[in-house]
Student: 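Just dropping this structure here.
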Amino acid sequence: MRMPFPNQSLQRGKPGALLLCALLFYVPILPAADAPPAAAIASAHPLATRAGLETLERGGNAFDAAVTVSAALAVVEPYSSGIGGGGFWLLHRAVDGKQVMVDGREKAPGAAYKRMYLDDKDNVRESASLEGPLAAGIPGLIAGLAHLAEHYGRLPLSQSLEPAVRLAREGFPVNQGYRDMVGWRLKSLQKFPDTARLFLAGNGVPEPGHPIIQEDLGNLLEQVGLKGAGYFYQGPFAKLLVDGVRAGGGIWSLEDLQNYSVVERAPIVTEYRGIRVVSAPPPSSGGIVLTQALEILEHQDLVGVDHITRMHVVIEAMRRAYRDRAVYLGDPDFVTIPTDRLLAPDYLEGLALTIDPKRATPSAELGDTPDLAQRGENTSHFSLIDAEGNRVAGTLSINLPFGAVFVPPGTGVLLNDEMDDFSIKANTPNAYGLVGDQANAVAGNKRPLSSMTPTFVESADRVGILGTPGGSRIISMVLLGVLDFAAGNGPESWVKVRRYHHQYLPDEVQFEPHGLVAYEQEELRKLGHSLKQASYSYGDMHAVMWDRKNNQVFAASDPRGEGKAALLPNK
Ligand code: GLY
């Protein structure tokens with residue numbers, strides 16, 4: 001059942017909404033509890049986890065540590081997130097229970113327009129939304145970090161950014177994940193010599209251990225620490241960025257950078273079998289799709305049935321929830337999202353009733369709607385809690401590995417290709433098979449729809465923090481994680497859950513290698529499902545849990561990735 005929590009957003013420059021939103025964000029959610037016995041961080045890279053611990057050891061809180069981990073990930077995972085990209089940070093402040101999502105998602109440049117990636121014949125221009133500066137939205141990461149430090153942190157921004165400055169200047173050693181990502185985008189990287197110089201070795205894939213040094217990025221982070229976000233968004237550095245983008249064929253303006261601001265948005269909150277689930281609101285599709293799927297499943301028996309039937313109804317719930325994503329979701333500052341209708345209990349009960357336990361429902365039978373976009377795979381996530389019980393679930397992205405593979409000269413900023421998260425042409429797959437709808441069409445200053453789903457789960461005695469990269473599959477991975485929390489398991493289990501996915505269209509159950517064993521595949525086929533095995537294991541979940549009953553903290557990183565979970569016991 002959904003909690004009475006209207007989907008309001010607090011936006012800078014809208015003072016009328018301020019009081020209402022301030023009230024909405026203060027949610028008395030849990031009975032008074034002791035602080036956790038340890039802080040914990042799980043992130044996609046050991047150096048980012050270590051950097052976050054350093055900030056906690058210096059007296060920073062979870063929000064300072066979130067700044068450090070985000071900035072460190074921007075340095076050591078240039079393929080997943082970065083200063084040239086954006087992200088969502090879901091926050092829980094222990095002192096007053098405030099819960100909010102800081103939206104640092106990129107915005108389309110003001111000169112963007114609906115047909116900007118199409119040619120005269122209405123064909124999609126190959127790679128235009130994926131490579132080079134035309135593919136890049138106005139970055140939100142720096143604004144997000146400065147907002148976290150200013151409104152929630154305890155340390156000066158310069159101190160929280162310091163570990164990332166060091167990593168950029170001293171370099172970090174290439175690992176296998178880095179090599180894999182370079183391999184994926186090698187041809188693109190080789191087209192841009194400045195980018196290739198930074199991230200390749202001898203114009204090829206660097207050997208393990210090869211140091212990646214980013215002097216310009218280190219200088220930028222240091223100056224942002226000293227002078228604030230204005231250093232990036234205004235003045236000579238902004239001009240350097242805009243000049244570089246425009247010289248490369250992009251359409252950014254100084255006003256685009258100057259006018260960028262983060263938005264604080266009320267999370268989507270639901271209750272599933274006594275567990276409170278708090279997740280990302282639009283412009284992420286995560287919270288709404290997750291809530292729809294959970295509420296559909298609330299009407300199903302998941303315990304008294306065999307596990308194939310359980311899998312089947314979970315798939316059917318995914319199918320139905322992702323269908324509405326395709327049609328209705330986009331930037332809430334641009335399109336009216338019928339959130340109340342999409343989350344109405346009778347609507348979701350109706351969807352639940354359409355599930356036949358003995359047969360897959362062909363997606364075509366659910367009605368005529370546009371196809372759903374298959375998102376890019378690369379993004380990053382971290383989860384953390386501090387010793388006071390402050391929490392952050394942060395999911396950050398530059399979209400495809402190495403984003404737009406373009407660095408405006410002299411800036412050290414690897415640009416995102418988040419513009420490809422828009423529907424660049426309705427119902428028409430782009431180069432990566434992406435299709436979408438009108439609500440998510442390109443427009444100037446609009447935020448592209450995301451699937452990033454930073455999430456909290458809260459029961460009477462346990463609190464969980466989770467999220468993952470993985471494109472459109474992010475939401476189904478978080479759903480499977482939440483269901484595993486509901487089954488009583490901890491984060492070491494959530495991150496390992498075998499993954500399967502349905503997103504309405506294409507009408508197939510996707511699964512990672514070993515995600516479905518042969519018997520499960522056979523049984524699901526008998527129920528009428530088409531199955532498609534992904535060529536690789538997907539996702540990279542990082543999760544933390546505070547068991548308040550036994551006063552223990554757990555953290556886990558996905559065995560599919562190279563991340564690191566660590567605890568910092570209280571002194
Ligand atoms: N770029 C991935 C997402 O935001 O969904």
Side-chain angles (χ1 to χ4, degrees), residues 44 70 73-74 77-90 101-108 117 129-131 135-141 144 181 184-185 262-263 265 268 279-290 321-322 325-326 329-332 372-382 393-405 414-424 430-437 439-440 442 446-455 467-479 501 503 538-541:
S70 304
L73 287 172
E77 280 199 323
Y79 42 84
S80 283
S81 68
I83 298 309
F88 299 133
W89 296 266
L90 185 67
M101 189 183 85
V102 175
D103 170 1
R105 181 75 164 161
E106 300 90 334
K107 287 174 79 167
Y117 297 114
S129 63
L130 292 169
E131 272 176 20
I138 304 301
L141 200 97
M181 293 300 171
W184 185 348
R185 301 266 348 246
V262 300
V263 184
R265 300 188 190 273
I268 298 287
S279 195
S284 173
S285 55
I288 288 183
V289 174
L290 180 65
Y322 273 89
R325 179 195 192 281
L329 302 190
D331 182 350
L372 178 71
Q374 167 68 47
R375 303 279 145 204
E377 290 292 353
N378 291 282
T379 291
S380 195
H381 178 84
F382 66 90
T395 312
L396 317 164
S397 180
I398 53 169
N399 207 23
L400 295 191
F402 294 93
V405 293
L414 178 60
L415 299 184
N416 67 83
D417 56 0
E418 221 75 65
M419 293 293 283
D420 201 62
D421 271 343
F422 282 116
S423 299
I424 56 180
N430 68 6
Y432 283 71
L434 305 173
V435 287
D437 55 59
N440 189 32
V442 186
K446 188 177 177 184
R447 285 165 151 90
L449 184 63
S450 173
S451 298
M452 294 189 286
T453 313
T455 296
T468 177
S472 64
R473 296 174 183 138
I474 289 174
I475 313 169
S476 64
M477 284 186 266
V478 172
L479 172 66
H501 169 82
Q503 58 178 39
Y538 57 82
D540 191 18
M541 183 173 281

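Each ligand, and each atom within it, is numbered from 1 in the order the structure gives. Counting begins at 1 with the first residue of the sequence.
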Student: Between ligand 1 and Ser397, can you find any atom pair, the residue atom being a heavy atom, that is separated by under 4.0 Å?
Tutor: yes
Student: Relative to atom 3 (C) of ligand 1, which among Asp421, Asp417, Asp420, Ile474 owns the nearest non-hydrogen atom?
Tutor: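 Result: the heavy atom closest to atom 3 (C) of ligand 1 is in Asp421.
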Student: Between the side chains of Ser397 and Glu418, does any donor sit under 3.5 Å from an acceptor?
Tutor: yes
Student: Output all residues satisfying salt bridge (charged side-chain N to carboxylate O under 4.0 Å, His left out) with Glu106, sequence neighbours left out; order by chain, then residue number.
Tutor: none
Student: With heavy atoms of Arg105 as the reference, note each atom of ligand 1 found under 4.0 Å away.
Tutor: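 The atoms of ligand 1 under 4.0 Å from a heavy atom of Arg105 are 4 (O).
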Student: Which atoms from ligand 1 have a heavy atom of Glu418 less than 4.0 Å away?
Tutor: 1 (N), 2 (C), 4 (O)
Student: Can you check whether Val442's main-chain N or O pairs, donor with acceptor, with Tyr117's side chain at less than 3.5 Å?
Tutor: no
Student: Need the ligand 1 atom indices (1-based, order shown) with element for anything under 4.0 Å from a heavy-atom of Asn399.
Tutor: 1 (N), 2 (C)
Student: Do the side chain of Ser284 and the main chain of Met452 share a donor and acceptor less than 3.5 angstrom apart?
Tutor: yes
Student: Name all residues meeting the side chain to side chain contact (heavy atoms under 4.5 Å, CB included) criterion together with Ala393; count only those two or more places apart in sequence or in a different chain, and write none if there are none.
Tutor: Leu90, His381, Pro454, Phe456, Ile465
